[in-house]
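Only heavy atoms go into these numbers, but all of them, side chains included; no hydrogens, no water, no symmetry mates. Letters A, B, ... are given to chains in the order of the sequence lines, protein chains preceding strands, and every chain is numbered from 1.
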Amino acid sequence: MSDHMLERAETLALENPGLLAAHLRRLTNTPQDARAVALQLGLEWDSYLLLALCRMPRATNWQEDLNEISEATRVDLPTLAPILSKLGALLAVDAGSPWSLLLAARRDYRQSGAGNSDGEDDSDPDREP
Amino acid sequence: MQADFQALHQQILEGRPAAPAVLFQACRKPLLKLLNDKFGMLPGSSADLHEDAAADAFMQYLKAPEKYDATRGAWITYLFQIARSRLLRLAERENRHLVALAGSVELDADMGYSVPADERFDPQNGLDQSDASNLVDRARESTEFTQVERRVLDLMKKGERSTKVFAQALAIAHLGADDQRVEVKRVKDRIKKRIGRSMGDA
């Protein structure tokens with residue numbers, strides 16, 4: 001697969017808020033470096049680029065959309081679900097949902113290491129609002 | 001097997017989240033093949049430039065997928081029309097003095113899809129200069145020009161505007177100013193037409 005066309009598409013997708021490209025970059029501390037973002041998210045480069053062209057799964061159709069994205073991007077569900085779950089929270093925070101604010105705060109707290117002792121995983125997509 | 005672009009386009013309209021990635025994957029090869037078949041023989045029409053144009057076209061489509069009208073032609077042809085315009089626009093950008101030349105070329109070969117006026121190639125928006133120059137160079141090589149015509153074409157490429165200079169190149173300096181103007185225009189138009197035909201046939 002030639003990456004050039006896909007890479008250019010991903011760059012252009014950054015300007016389309018309906019696609020995941022720009023939002024994915026917000027998940028890491030290196031938003032300027034797409035390859036670093038892919039690496040941090042544990043994604044193959046081509047898969048990352050394809051994921052950037054996708055839209056957010058619909059809350060009403062979460063699991064089915066997740067499966068379709070997984071197939072289209074060749075990212076396995078255990079890797080994909082937490083990424084999209086976090087993105088969902090991030091976008092809901094943007095939209096000002098109190099539940100999502102709470103969810104994001106909880107996630108940040110856990111990621112800081114302070115709340116990770118119970119071993120829980122907050123990436124379950126079913127917990128999304 | 002030919003992808004069902006119409007069905008995938010419908011999925012885009014329905015907001016299916018994976019549809020853009022699926023459609024992108026499905027259309028990239030046929031779209032690049034169309035660009036290569038049409039422009040592959042032209043210098044400056046590199047694989048990277050084709051991919052840029054194809055990606056740009058796809059993302060432009062994604063901005064407003066509802067603009068595609070299935071009654072006017074196949075989806076892939078619609079995308080090709082956008083990509084072709086984009087390719088020429090990329091070429092124009094680097095060679096503004098060739099805008100008139102490239103812009104005069106007949107670009108709307110019948111591809112079975114009538115592109116709305118606002119999506120057509122607009123020479124005023126600027127082409128990619130080096131690529132436009134390359135396109136013209138390729139046409140120059142692939143078209144049968146006389147030596148005199150080649151001299152005129154080279155002057156046109158340089159952006160020469162003086163009728164006097166063209167008249168000297170055409171060896172018609174002995175004619176009156178009006179006759180010189182008419183003859184220079186006639187030769188320039190003939191050259192433009194040949195380049196246009198060459199680009200259209202590529």
K.L.:
Okay, side chain of A:H23, backbone of A:P17: is any donor-acceptor separation there less than 3.5 Å?
P.N.:
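The answer is yes, because a donor-acceptor pair under 3.5 Å joins these two groups.
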
K.L.:
Donor-acceptor pair, distance only, cut-off 3.5 Å: does the side chain of A:S47 make one with the backbone of A:V75?
P.N.:
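Such a contact is absent between A:S47 side chain and A:V75 backbone.
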
K.L.:
Can you find a heavy atom in the side chain of A:C54 that is under 4.5 Å from one in the side chain of A:T73?
P.N.:
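Touching, per the 4.5 Å side-chain cut-off.
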
K.L.:
Could you list the donor-acceptor pairs under 3.5 angstrom formed by side chains in residues 11-24 of chain B, with sequence neighbours left out?
P.N.:
from  : atom 1 : to    : atom 2 : distance (Å)
B:R16 : NE     : A:E68 : OE1    : 3.1
B:R16 : NE     : A:E68 : OE2    : 3.4
B:R16 : NH2    : A:E68 : OE2    : 2.9

K.L.:
At under 4.5 Å between heavy atoms, what parts of residues 32-42 of chain A are in contact with chain B? List them by residue number.
P.N.:
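Near chain B, by residue number: none.
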
K.L.:
Is the charged tip of B:K188 near the ring of B:F166: under 6.0 Å from the six-membered ring centre and within 45° of its axis?
P.N.:
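Pair B:K188/B:F166 counts as cation-pi.
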
K.L.:
With respect to chain B, which residue among A:I69, A:L51, A:L12 yields the maximal number of heavy-atom pairs within a distance under 4.5 Å?
P.N.:
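Heavy-atom pair counts peak at A:L12.
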
K.L.:
Strictly below 4.0 Å, N to O, side chains only: are B:D154 and B:R150 in salt-bridge contact?
P.N.:
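Salt bridge flag = no for B:R150 with B:D154.
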
